[in-house]
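Structure record follows, encoded as structure tokens.
Sequential numbering from 1 along the given sequence is applied to the chain's residues. Only a predicted model underlies this, so the values are computations on that prediction, with no experimental measurement involved. The analysis underlying the following values was restricted to heavy atoms, covering all of them including side chains, and did not include hydrogens, waters or symmetry mates.
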Amino acid sequence: MTDYPIDGRTAPGFEPVREAFEANFTQGHELGAAFAVTIEGETVVDLRGGFADRERAMPWDEATIAGVYSSGKAVTALLIAEAVSAGRIDYEAAVASYWPEFAANGKAAITVAEALSHQAGLCGFIEPMEPEDWLDWDLICARLAAMAPLWSPGSASGYHPQTAGFIAGEIYRRATGVTIGAALRDRDAGIFCGLQPDEIARAAYMPKPPAAPDLGPLTDLKRAAFLRPWSAPAKVSREAWMAAELPASNMHASASALARFMVPFANGGAAGEDRRAIDPDVVADALRPRISGEDLVLPFDLSWAAGMMANCDGCFGPSPDALGHADFGGSCVVVDPARRLTAAYVMGKMSPFLIGDPRAKRLIEATYAALANQG
């Protein structure tokens, strides 16, 4: 028995996933967490456990949502793919064709796909700014539009931890007429980008990680992206941050909502009755590698698709066909078209891992082992 309440369900054959989930708690790695898996659009794992509050008085339940930070970039990638499938966005079109101001200072030729795969050269701001400026959407978009790239666009990837959400979000807003946050709210997806007060009350307490991320040898690009006092929102209340729309870093969701939302990417574009399907050719285009090699910001060799990364040293399980996104802190989203599988892990207790948090890896590996045992 565990001292932490564990709830949820596993389909027959997936009981070892629950055992792995419980082990994360009994070994002291969790405060509260959830994990979900779908196969061919059907939920086969939906687990939650532990506590959603600092005092350990509120069990993590079906209503609990957690900050998923950069894992939300996978959600944005799927929304963009939907817009591409609807003919509103073209991956190969210039960002400036939707957002004319973006063409300034040598950025006229940057394509949507290059921007989504972190090739735009806009990983952060070199010049000092107030960290609370991140909560002003129009201000940040204006700075990005006027900014000169920090490297030659298209020559390399360099992870854009905060700015990716503004670039993708502004493309989406200009092409569709709605923001990322509004699009999620309109479809009642159970994923939020900008919380209302009643939703803030459902959000899990998240202790900060014990250390800064290991970025390897530091460069000006890495400092701008992660380590400057203005590299991320600060000097604002928790409530103000949670209420803002920051698609790259402050989405909130349950694991089950994330896993269900990503189904079209794993299922050839097919979705449930309440969701529009994505053209299979668009899914293939969204998930194909756009650039591979040493990332200029993250300390890894990475292969980037249009908004997600290909499997990196088994971070998203044993399947070479898997893609996903993780966040500094532990959450992750996995899509595996070969197995028609999606998975999502969210948690309260943050870790110092950029990708490949051992808690999530244990759960993903247990899922694939269960699949292998079923033949």
Measuring only between side-chain heavy atoms, which start at C-beta, is Phe316 closer than 4.5 Å to Leu323? no
Near Asp313 CG, under 6.0 Å, is it more than 12 heavy atoms from other residues, nucleotides or ligands? no
Quick one: CZ on Arg339 to CG on Asp321, what's the gap to the nearest 0.5 Å? 10.0 Å
Counting only heavy atoms not in Glu42 (residues, nucleotides, ligands), do more than 12 fall under 6.0 Å from its CD? no
Hydrophobic clusters here meaning ILVMFWY residues chained together by side-chain heavy-atom distances under 4.5 Å, can you tell me if Trp151 and Leu144 are in one? yes
Run the salt bridge (charged side-chain N to carboxylate O under 4.0 Å, His left out) test against Asp336 and tell me which residues pass, sequence neighbours left out. none
With a 4.5 Å limit on heavy-atom distance, are the side chains of Ile191 and Leu258 in contact? yes
Indicate yes or no for a side-chain donor-acceptor contact from Asn311 to the backbone of Pro318 under 3.5 Å, with no hydrogens or angles considered. no
State, without any angle test, whether Arg56 and Tyr4 hold a side-chain donor-acceptor pair at a distance under 3.5 Å. yes
Does some side-chain heavy atom of Leu195 sit less than 4.5 Å from a side-chain heavy atom of Ile65? yes
Tightest non-hydrogen contact, residues Ala33 and Phe25, listed as N-CZ, 3.8 Å
Within-4.5 Å side-chain heavy-atom neighbours: His325 and Ser70: yes
Smallest separation among heavy atoms of Leu298 and Trp304, with atom names: CD1-CZ2, 4.4 Å
What's the spacing between Met242 CE and Phe192 CZ if we round to 0.5 Å? 11.0 Å
Is the side chain of Asn105 donor-acceptor paired with the backbone N or O of Ala146 at a distance under 3.5 Å, no angle test? yes
Using 0.5 Å steps for rounding, measure from the CZ atom of Phe353 to the SG atom of Cys315. 10.0 Å
Listing request: all side-chain hydrogen bond (donor to acceptor under 3.5 Å, both in side chains) pairs with a residue in residues 124-141, at least two apart in sequence or in separate chains. Asp133-Arg143, Trp137-Glu170
Okay, side chain of Ser85, backbone of Asp279: is any donor-acceptor separation there less than 3.5 Å? yes
Could you go through Glu245 and Arg185, starting from their C-alpha distance and side-chain angles, then the distance that decides it, and tell me whether this counts as salt bridge (charged side-chain N to carboxylate O under 4.0 Å, His left out)? CA-CA 12 Å; Glu245 286 196 25; Arg185 192 170 294 281; over 6 Å; no
Please check if atom CD in Glu62 has more than 12 non-hydrogen atoms from other residues, nucleotides or ligands closer than 6.0 Å. no
I want to check something: taking the side chain as every heavy atom from C-beta on, are Phe261 and Leu79 in contact at a cut-off of under 4.5 Å? yes
Between the main-chain N or O of Pro217 and the side-chain N or O of Lys222, is there a donor-acceptor pair closer than 3.5 Å? yes
Look up atom CZ in Phe35 and atom OG1 in Thr367, then write down how far apart they are to the nearest 0.5 Å. 3.5 Å
CZ/Arg359 to CD/Gln27 distance, rounded to the nearest 0.5 angstrom? 12.0 Å
Is the shortest side-chain N to carboxylate O distance from Arg290 to Asp285 below 4.0 Å? yes
For Arg288, does the CZ atom sit with more than 12 other heavy atoms under 6.0 Å from it, leaving out its own atoms? yes
Whether the side chain of Asp220 engages the backbone of Ile126 through a donor-acceptor N/O pair (distance < 3.5 Å, no angle test) should be reported. no
With a sphere of 6.0 Å drawn around CD of Glu15, does it hold more than 12 non-hydrogen atoms of other residues, nucleotides or ligands? yes
Could you list the residues that satisfy side chain to side chain contact (heavy atoms under 4.5 Å, CB included) with Ser303, not counting sequence neighbours? Pro289, Ser292, Ala310
Tell me if a side-chain donor or acceptor on Ser231 pairs with a main-chain N or O of Ala224 at a distance below 3.5 Å. yes
Short side-chain to backbone donor-acceptor contact, Asn250 and Leu246, under 3.5 Å: yes
Do Met147 and Leu139 belong together in a cluster built from hydrophobic side chains that touch within less than 4.5 Å? no
Heavy-atom check, side chain of Ile80 versus side chain of Ile89, under 4.5 Å: yes
Student check: side-chain heavy atoms of Cys332 and Ile364 closer than 4.5 Å: yes
Distance-only, no hydrogens or angles: does the Asn373 side chain make a donor-acceptor pair with backbone N or O of Gly13 under 3.5 Å? no
Run the side-chain contact (heavy atoms from CB on, under 4.5 Å) test on Thr111 and Tyr91 for me, step by step, so that the C-alpha distance in whole Å, both residues' side-chain angles and the decisive distance to 0.1 Å come before the verdict. CA-CA 7 Å; Thr111 67; Tyr91 285 125; over 6 Å; no
Main chain of Gln119, side chain of Ser117: is a donor-acceptor contact present, judged purely on distance under 3.5 Å? no
With a 4.0 Å cut-off on N to O distance, would you call Arg48 and Glu30 a salt bridge? no
Check the pair Ser249, Gln162 against side-chain hydrogen bond (donor to acceptor under 3.5 Å, both in side chains), reporting the backbone distance first and the verdict last. CA-CA 6 Å; Ser249 62; Gln162 297 290 340; 2.8 Å; yes
State, yes or no, whether a side-chain contact exists between Phe166 and Leu122 at a heavy-atom distance under 4.5 Å. no
Any side-chain to backbone donor/acceptor pair from Lys361 onto Gly356? Under 3.5 Å, distance only. no
Value for CG (Asn24) from CG (Leu47), rounded to nearest 0.5 Å, stands at 11.0 Å
Under 6.0 Å from the CG atom of Asp188, do we count more than 12 heavy atoms belonging to anything else shown? no
Nearest heavy-atom neighbours spanning Pro209 and Pro352: CB-N, 4.1 Å
Would you say Ile291 and Phe300 are hydrophobically clustered, going by side-chain heavy atoms of ILVMFWY under 4.5 Å? yes
